[in-house]
Each structure stands twice: as C-alpha cells, then as structure tokens.
Peer 1: 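Supplied in structure tokens, the structure appears directly below.
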Amino acid sequence: MIFALSIFLGLLSVVNKILLFLERKSGWVSGIAIGLTSGFYFWAIGLKILAVAEFGFFLVMLYGYIKHTRPSLTVTFWMNLILSIISIFLCYLLFTGALTLIETISALSFIWGGYELAVKHKLFGWLLLLLAHGTTATASFYAGQTVFVGLQVISALICVYAIIVIFMRRSSRVI
C-alpha cells in the first residue's frame, strides 16, 4: 500500500510541476490533492512533521487556485496569516529539536515556493520548489523510500528546467 502510494504521489508531483510550469489551473488542483494525500503518506513512513507540513502545502495550493479567481483582501490576509503561523510553528519545532533541519527546509520550501508561484514570483518560487524536492528526496532516502526519491529527483529536474526557461526569457528581453 505505501509503495503504491509513493509511486502515485511521486508521479502526481511530476505532473503537478509540469502543469504549474504550463500555468494551468489544474496544477493548483493537483497540488491540493498532493497536499492532502502526502500528509497520510509521510505519517505512514514515520516523517510525521512533514505530514503536518503538507497541510501548509495544501493551503498554498488552495490559495494558488483561489488567487486565479481574484480573492478578496480578507481571504488574502487570512491565508497569509495562516501560512505565517505554520512557518513560525515549524521554526519553533526546529529550535526545540522536534524537527530536523532538513525536514524544516523541506516543509518551508514547499509552502513558500508554492506561495511565490501563486503570487507570480516565478523564479524564486521555482528555486524554493527545487530546494523542497531536493530536501524531501534526502529525507525520504533516509526513510528507505527509494522509488519516491527518484520521482522527487524528476520533479526537481522539472524545477531546474523552469528556472532555465525563466533565465532564457529574461536574457532574450535584454537583447
């Protein structure tokens, strides 16, 4: 069951990055599904704090979806407040020793990378998502989830591609 879930989540993560790169609304929807399902997966493999952090990723993907429908200032305020509280809580857990540095970086990078994409700061968003996939691959490797690690690496490579495309677009505007 866990093995099948790791393959499903890994493949969905790859599809999610492609859809977000193509700026499709379905990228945000697939991210919502990843956030909800990944919570169960990380809990089951013993990375409980990443399971909790996936709630933050779920909220960011929900926010990205809502953002494309022009949310009110009230919705934007509450989403920013909730994401900030989750981030502060994750940092608190790091400093109390309940969370490792790699888990903290993974969780915060997914949350804020998705947020940056939602608010159209694409370069910074893709850089954070690259960091998130790299650290998640590392944490998953130590949890013995080698197939999931491979799929995280593929997602990271899609992030690299998105970063290269952004730089190419920027350099073509300069010429």
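The shown structure was predicted, so the numbers you read here are calculated from the model rather than taken from an experiment. Side chains are part of it too, since the values below use all heavy atoms of this structure and drop only hydrogens, waters and symmetry mates.
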Peer 1: May I ask you to test the Cys91-Leu108 pair for a side-chain heavy-atom distance under 4.5 Å?
Peer 2: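 Sidechains of Leu108 and Cys91: in contact.
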Peer 1: CG/Leu9 to OG/Ser38 distance, rounded to the nearest 0.5 angstrom?
Peer 2: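 Rounded to the nearest 0.5 Å, the CG-OG separation comes out at 4.0 Å.
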Peer 1: Under 4.5 Å between any side-chain heavy atoms of Met61 and Ile34, yes or no?
Peer 2: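 With C-beta onward as the side chain, the pair stays apart.
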Peer 1: For Ser87 and Trp112, what are the C-alpha separation, side-chain angles and deciding distance, and is it a side-chain contact (heavy atoms from CB on, under 4.5 Å)?
Peer 2: CA-CA 9 Å; Ser87 296; Trp112 291 106; 2.6 Å; yes
Peer 1: Indicate, with yes or no, if Leu99 and Phe95 share a hydrophobic cluster defined by side-chain heavy-atom contacts under 4.5 Å among Ile, Leu, Val, Met, Phe, Trp and Tyr.
Peer 2: no
Peer 1: What are the two closest non-hydrogen atoms of Leu151 and Val14, and how far apart are they?
Peer 2: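 Smallest interatomic distance, heavy atoms only, reads O-CG2, 3.8 Å.
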Peer 1: Take Phe89 and Leu93 through the test side-chain contact (heavy atoms from CB on, under 4.5 Å) and record every step on the way to the result.
Peer 2: CA-CA 6 Å; Phe89 179 67; Leu93 292 174; 3.3 Å; yes
Peer 1: Of the non-hydrogen atoms in Ile102 and Ala139, which two are nearest, and what is the gap between them?
Peer 2: CG2-CB, 4.5 Å
Peer 1: Are there over 12 heavy-atom neighbours, none belonging to Leu73, within less than 6.0 Å of that residue's CG?
Peer 2: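 No - once you tally the heavy atoms of other residues, nucleotides and ligands closer than 6.0 Å, there are 12 at most.
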Peer 1: Could you check if a side-chain atom of Ile2 sits within less than 4.5 angstrom of a side-chain atom of Gln145, using non-hydrogen atoms only?
Peer 2: yes
Peer 1: Check whether Ser84 reaches the backbone of Asn80 with its side chain - one donor and one acceptor, N or O, closer than 3.5 Å.
Peer 2: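 Confirmed, Ser84 side chain pairs with Asn80 backbone.
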Peer 1: To the closest 0.5 Å, what do you measure between CD1 (Ile158) and CG (Leu20)?
Peer 2: 10.0 Å
Peer 1: Could you give me the CA-CA distance, side-chain angles and deciding distance for Phe42 and Thr136, then say whether side-chain contact (heavy atoms from CB on, under 4.5 Å) is met?
Peer 2: CA-CA 10 Å; Phe42 285 122; Thr136 300; 3.8 Å; yes
Peer 1: Parallel, tilted or perpendicular for Tyr41 and Phe148, by the 30°/60° rule?
Peer 2: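 Tilted, since the angle between the ring planes falls between 30° and 60°.
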Peer 1: Same hydrophobic cluster for Tyr92 and Ile105, using side-chain heavy-atom links shorter than 4.5 Å among ILVMFWY?
Peer 2: no
Peer 1: If Ile, Leu, Val, Met, Phe, Trp and Tyr residues are connected whenever their side-chain heavy atoms lie under 4.5 Å apart, and connections chain through other members, are Leu59 and Val75 in the same group?
Peer 2: yes
Peer 1: Tell me whether Tyr65 at atom OH has more than 12 heavy atoms from other residues, nucleotides or ligands lying less than 6.0 Å away.
Peer 2: no
Peer 1: If you take all heavy atoms of Ser13 and Gln152, which pair is closest and at what distance?
Peer 2: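 Shortest heavy-atom contact: OG-NE2, 4.1 Å.
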Peer 1: Going only through I, L, V, M, F, W and Y residues with side-chain contacts under 4.5 Å, is there a path from Leu123 to Leu128?
Peer 2: yes
Peer 1: What's the separation between atom CD1 in Ile45 and atom OG in Ser140, rounded to the nearest 0.5 Å?
Peer 2: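 Ile45 CD1 to Ser140 OG: 5.0 Å, rounded to 0.5 Å.
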Peer 1: Let me confirm one number: the CG-CD distance from Leu117 to Glu23, rounded to the nearest 0.5 Å.
Peer 2: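 If we round to the nearest 0.5 Å, Leu117:CG and Glu23:CD are 9.0 Å apart.
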Peer 1: To the nearest 0.5 Å, what is the distance between CG (Leu62) and CZ (Phe55)?
Peer 2: 9.5 Å
Peer 1: CG of Asn16 to CZ of Phe21: how many Å apart, nearest 0.5 Å?
Peer 2: 13.5 Å
Peer 1: Which pair of heavy atoms, one from Val149 and one from Phe141, lies closest together, and at what distance?
Peer 2: CG2-N, 3.3 Å
Peer 1: For Tyr63, what residues pass the ring pair (Phe, Tyr, Trp, His ring centres under 6.0 Å) criterion, not counting sequence neighbours?
Peer 2: Tyr115
Peer 1: What's in the same ILVMFWY side-chain cluster as Trp78, cut-off under 4.5 Å, chained through other members?
Peer 2: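 Hydrophobic cluster check, Trp78: joined to Phe77, Leu81, Ile85.
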Peer 1: With the 4.5 Å side-chain cut-off for hydrophobic clustering, are Val147 and Leu11 part of the same group?
Peer 2: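 Linked within one cluster.
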Peer 1: The criterion is ring pair (Phe, Tyr, Trp, His ring centres under 6.0 Å); which residues satisfy it with His68, sequence neighbours excluded?
Peer 2: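 Only Trp28 meet the ring pair (Phe, Tyr, Trp, His ring centres under 6.0 Å) criterion with His68.
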Peer 1: Just do the side-chain contact (heavy atoms from CB on, under 4.5 Å) check on Leu94 and Leu90 with the steps written out, would you?
Peer 2: CA-CA 6 Å; Leu94 171 66; Leu90 290 169; over 6 Å; no
Peer 1: Could you tell me whether the side chain of Thr37 reaches within less than 4.5 Å of the side chain of Leu12, counting heavy atoms only?
Peer 2: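 No; the side chains remain at least 4.5 Å from each other.
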Peer 1: Identify the two heavy atoms, one from Leu19 and one from Ser30, that lie closest to each other, and give their separation to 0.1 Å.
Peer 2: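 It is CD1-OG, 4.1 Å.
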Peer 1: Do Trp126 and Lys17 come within less than 4.5 Å of each other through their side chains, counting heavy atoms only?
Peer 2: yes
Peer 1: Would you check if His133 and Phe110 make a side-chain contact, meaning some heavy-atom pair closer than 4.5 Å?
Peer 2: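 His133 vs Phe110: side chains touch.
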Peer 1: Kindly give the heavy-atom pair with the smallest separation between Ala132 and Ser109, and that separation in Å.
Peer 2: CB-CB, 3.5 Å
